[in-house]
Amino acid sequence: MPEPAAASKADPKLDPKPDPTAESQPAAGSEPSFRRFLRNLNLPVAVPVLALIAGAGLSVMAMLHSGRLLHREEEHRFAARVEEIHGQLADRLRVYEQVARSAASLAMTFPDLHWTQWSRFVEALDMPQRYPGIISIAYARAVAAGRAGDLVASMRAAGLSDFRIWPETAGAERVVNIFTAPVNEGNVRAIGFDMMSEAVRRSAIERARDTGEPAATRAITLKIDEATGAGPAFILYQATYRGDPLPPSLEARRASFTGVVLTPVRIGPLVDGLIDANRRDTGIEIFDVPPADAEFPLYRSRRPLDSTVAISLMRELPVGGRVWTVRYDSLPDGLFTAHDWVPGALLAGGLALSLALALVLRMALVTHSRAVVLAGEMTASLRLQEAERQQLFTQAPLGIALVGADGLVLDCNPAFAAAAGLPRQELLGTDLRLRFGDQASVFALEAALQGESGKLESDQPLLLGGRRSHFSLHFQPVIADGAQKFVLAFAEDIGEKRRAEQHIQYLAHFDALTGLPNRVLLYDRIAQALREGRRDGTKVAVLFIDLDRFKVINDSLGHSFGDEVLRSVARRLQSGLRESDTVGRLGGDEFLIVVRRVMEPNDAACVAEKVVAHLASPFAVGGQNFVVTPSIGISLYPDDAEDPEGLIRCADIAMYHAKEQGRNGFRFVTKEMGAKSRERMDLEGSLRQAIRDGQLFLVYQPQVDTLTGRIVGLEALIRWRHPDEGMILPGRFLPVAEETGLVLAMGDWVLFEACAQIRRWRTRFDLSIPVAVNVSGAQFRDGQLPAKVARALDANGLSGPELEIEVTESTLIDDVESAAATLAALKQRGVLIALDDFGTGYSSLSYLHRLPIDKLKIDRSFIHDLSTGASDSSVPRAIVGLGRSLGLSVIAEGVETQEQLQLLRDLACESYQGFLFSRPIPVEEVERLLEKLTAVQPPVQSVSAE
Ligand SMILES: Nc1nc2c(ncn2[C@@H]2O[C@@H]3COP(=O)(O)O[C@H]4[C@@H](O)[C@H](n5cnc6c(=O)[nH]c(N)nc65)O[C@@H]4COP(=O)(O)O[C@H]3[C@H]2O)c(=O)[nH]1
């Protein structure tokens, strides 16, 4: 159902919805290639790949950047470390210089110091512990030219008997080593050495003298180490002066120069210990000259093998007026490289994160694209539903209108407009309440607008100005989100239906041919009259009218002629009666008149006489004049019966008596007739029960070859074993079964039972002769016979010729055309057809050649007449001749005497059945007979009677 808002939209068939995807897509040719590329891009693949690439790039960048940061931080940390070490080294040197200064102060304070005092001073310094680089502290005295002897003398006087100045080469000024401590063999060897004799020492001594500051030699191998090959060393000189500890001018310093304290220092011990042995994070190399010029360093700290240097820093170190270069190397296993893993970890982490991001994006995009596809599908399905709903609305055969809360028509389908008989456009936007043709519809719509659904039927025009018919209206309020949206008005034009119903009603109660009340209505009218009679104590008469020889008129002049006669009779019957009386037609040529308020039987007799009189004048139909006479049976309530069925039955019987008495007259129901009628009713009830309780059974009468006496067939005949009355023959119950329609159920049972018996006999005796079954007129006309026969045969695995269907001549002549069709259908299934009671009908010869018949059965009456001599043998002879000429076999029924048999042999009639050979016999006896048959075929011989 469309939404009201959409109601005014154009018909989707006329205005098909454009495809939104097509709308948003420009023509492929004009689309820029980049947009096309973007549209064709597989986002769920492209975006994660791009994210992965971007992430990997960022990770590499982060790795590089962090590497740089780490390196910078490492540099800072290393620089700080270098400053720390370098400061310690410089402090050590300052301390060493301080030691030299102290020694110089001592020498200046006590110019005549004895060497033992010097030794004590040095010992007090505890050099091995506190100044491990200092080898010794010595004092060399400046000796002017020509005063060397004095020095030698004084030294010898001081106890150094072997003292001498060496080398002998005397310079202008000598500086001779006179004291040294600690005293040991190596140190003592340097006593008396003139240091000015050696250029390196001299230059340093002169610098010390001239500056008053400590002066160091370049790196040298000490005299005492020359033999041992110990590492490089240098000598630190501190000048001493006479008087002023540091004379203010160069001249004064040269003039008052008294000597130098010399402190030989081994570089290794000086530096060793600065780097913790457990934390060799820094390598130290010391050069006396710029490293590029040096052949080898003065000092090289221990470092791990294969260590690569990450950072190197150079620092200058002033040493006694010289400047050393110290190179510090950061070593890899130190703390500075402890965070090397960070860039790698950053790269790995970044790549992992990128991968994870790519996967998450992939999943999200796949989910998204799936959702998009799903949404697309849902949209398409919703559109389809919408189109289908619209189609449903438009094509619905039921009129549907949408009425807004204000009563205005929002939309309506073509069926609604058609029902209203107005163009749709004229209805849209109009107030439906003002347009309804009746008040009830207006009230119903008002109620629906208030939320109450309602249904009603109206026979006014659906809308004013529209067409008038009978309508079924249904108003249904539609509520959404708790509020009433609109009202659905359904309108169905039920005019046709109404008329059809009325017609059906009419047909159900009136006879289509004559327009008179039919059997149903007649029963109703009788019941009504009976109620009245019971109340008023009056009688009710039922007149059963049958037209004499109507069948002849019908058959000879044609059905339409017969119909016209029936209509004329109906008119005459009606015209002569009171309004309170009812004339109806039971069917065929049977009419019924119900006369109410009958005081005495004579009143009914008057009516009957009137009927006879009215029909007495000739009928002129189709240019022919003829007379139709009635036979009338009259029953009275309460004398003969107290219910409609009983009254009709009694009247029917009385009518037969009227016919027997010469027709064109009437008979009242007598006591005997009433009893007979009651007996019939009882019989009907019992028969119903008999069918239900299985009281019916079949007996079989053999059919025999007239010449050989061989059994050529069996005829199945129905029997009723009544629990109280014993065996009842079909002559008694068949008419009742036919009247009540019970004959159909009974016939079905016979058919099936006979086929089942054939199957049993075929299995047991290899039965090859056919078994005949009688079929009543009602069964034959039912239209179901061929199908029922086929079902019975199929159910028992029979092919067809095992079964013979016996139809009476009178059954066929009612409607030869349809009888021929039914017989043809039966023949098609393979069964044999026998014409029973042949010869009794009056148009036998005319139709015979048109019917697919196999056998003629000469009626029993002709055979009976043969032996009694009531007639000659002309009829059986003619039938045998007819059969021969048409190629049909002929069988005689009711053969009781040898004489009859002989006559039949003379006539060359092929076969017969009758008491002469056997009465109809039960299954067991048939089986005994068949047993004998399967042995040797007996000669002609009669069988035990029934
Ligand atoms: N007087 C005399 N009668 C003989 C002789 N031989 C046979 N009959 C009797 O003649 C009747 C032959 O059956 P029908 O002409 O088809 O006449 C049958 C048939 O029209 C009808 N009928 C019997 N069984 C069925 C049935 O199962 N279905 C239908 N629709 N009708 C049946 O009832 C009719 C009477 O049947 P039944 O009473 O069994 O009577 C049988 C049979 O007992 C004879 O030598 N002398």
Side-chain angles (χ1 to χ4, degrees), residues 687 690-691 695-704 706 711 713-721 727-758 771-782 785 788-789 792 803-812 833-841 855-868 876 891-901 903-904 909 911-923 925-926 942-946:
L687 186 56
I691 295 172
Q695 295 168 16
L696 303 178
F697 66 100
L698 292 180
V699 292
Y700 297 86
Q701 184 172 40
Q703 298 172 335
V704 191
T706 35
I711 297 174
L714 292 162
E715 181 181 4
L717 294 157
I718 193 161
R719 294 292 180 267
W720 177 7
R721 191 179 292 114
M727 187 78 82
I728 304 179
L729 290 174
R732 219 179 119 201
F733 63 85
L734 266 181
V736 179
E738 269 166 13
E739 251 173 53
T740 53
L742 281 172
V743 75
L744 287 177
M746 209 186 76
D748 291 349
W749 176 83
V750 170
L751 202 56
F752 202 88
E753 175 56 27
C755 287
Q757 190 58 66
I758 295 171
V771 174
V773 168
N774 289 280
V775 168
S776 72
Q779 262 179 290
F780 196 78
R781 285 187 294 272
D782 177 42
L785 187 65
K788 285 178 176 174
V789 167
L803 183 71
E804 189 172 84
I805 297 291
E806 282 192 18
V807 202
T808 61
E809 195 184 356
S810 55
T811 302
L812 298 184
I833 311 285
L835 202 50
D836 207 0
D837 306 342
F838 192 68
T840 54
K855 194 187 266 184
L856 300 176
K857 292 189 86 172
I858 306 171
D859 189 64
R860 193 164 65 241
S861 56
F862 301 116
I863 306 304
H864 183 258
D865 291 350
L866 276 181
S867 56
T868 56
I891 183 168
E893 282 185 299
V895 179
E896 294 180 354
T897 62
Q898 278 296 341
E899 195 186 348
Q900 289 166 340
L901 176 60
L903 275 167
L904 288 170
C909 179
S911 51
Y912 74 98
Q913 69 185 87
F915 295 168
L916 176 66
F917 182 78
S918 165
R919 284 178 175 267
I921 47 174
V923 171
E925 279 186 49
V926 177
S942 63
V943 180
S944 61
E946 193 178 23

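Start at 1 and go down the list; that is how both ligands and their atoms are numbered. Worth knowing before you read on, the calculation uses all heavy atoms, side chains too, and leaves out hydrogens, waters and symmetry mates. In this chain, numbering begins with 1 at the start of the sequence shown.
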Evaluating non-hydrogen atoms only, which member of [options] is closest to [atom]?
atom	options	value
atom 22 (N) of ligand 1	V807, L916, L734, I863	L734
atom 26 (C) of ligand 1	V775, V699, I718	I718
atom 39 (O) of ligand 1	R719, Q701, E893	R719

Which is it for [X] and ligand 1 at heavy atoms under 4.0 Å: side chain, backbone, both or neither?
X	result
R860	side chain
D837	side chain
M746	neither
E806	side chain
D836	side chain
Q900	neither
D859	neither

Taking atom types as modelled, find out whether Q913 and Q701 have a side-chain donor-acceptor pair closer than 3.5 angstrom.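 Side chains of Q913 and Q701: pair found under 3.5 Å.
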Are E715 and N774 linked by a side-chain donor-acceptor pair shorter than 3.5 Å?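 Yes.
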Any atom of ligand 1 sitting under 4.0 Å from a heavy atom of [X]?
X	result
E715	yes
P920	yes
R919	no

Out of all atoms in ligand 1, which are within 4.0 Å of some heavy atom of G914? Include the element for each. 6 (N), 45 (O)
Could you tell me, atom by atom, which parts of ligand 1 come under 4.0 Å of a heavy atom of P730?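 The list of qualifying atoms is 23 (C), 33 (O), 36 (O), 37 (P), 38 (O), 39 (O).
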Nearest 0.5 Å please: distance from the CG atom of D837 over to the CG atom of L856. 12.0 Å
Are the side chain of Q779 and the backbone of S776 linked by a donor-acceptor contact shorter than 3.5 Å?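 Side chain of Q779 to backbone of S776, a donor-acceptor pair under 3.5 Å: yes, one is there.
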Q900 side chain vs E896 backbone, donor-acceptor pair below 3.5 Å: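 A pair under 3.5 Å: yes.
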Pairing of R860 and E893 as salt bridge, 4.0 angstrom limit: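 A salt bridge is absent here (no side-chain N lies under 4.0 Å from a carboxylate O).
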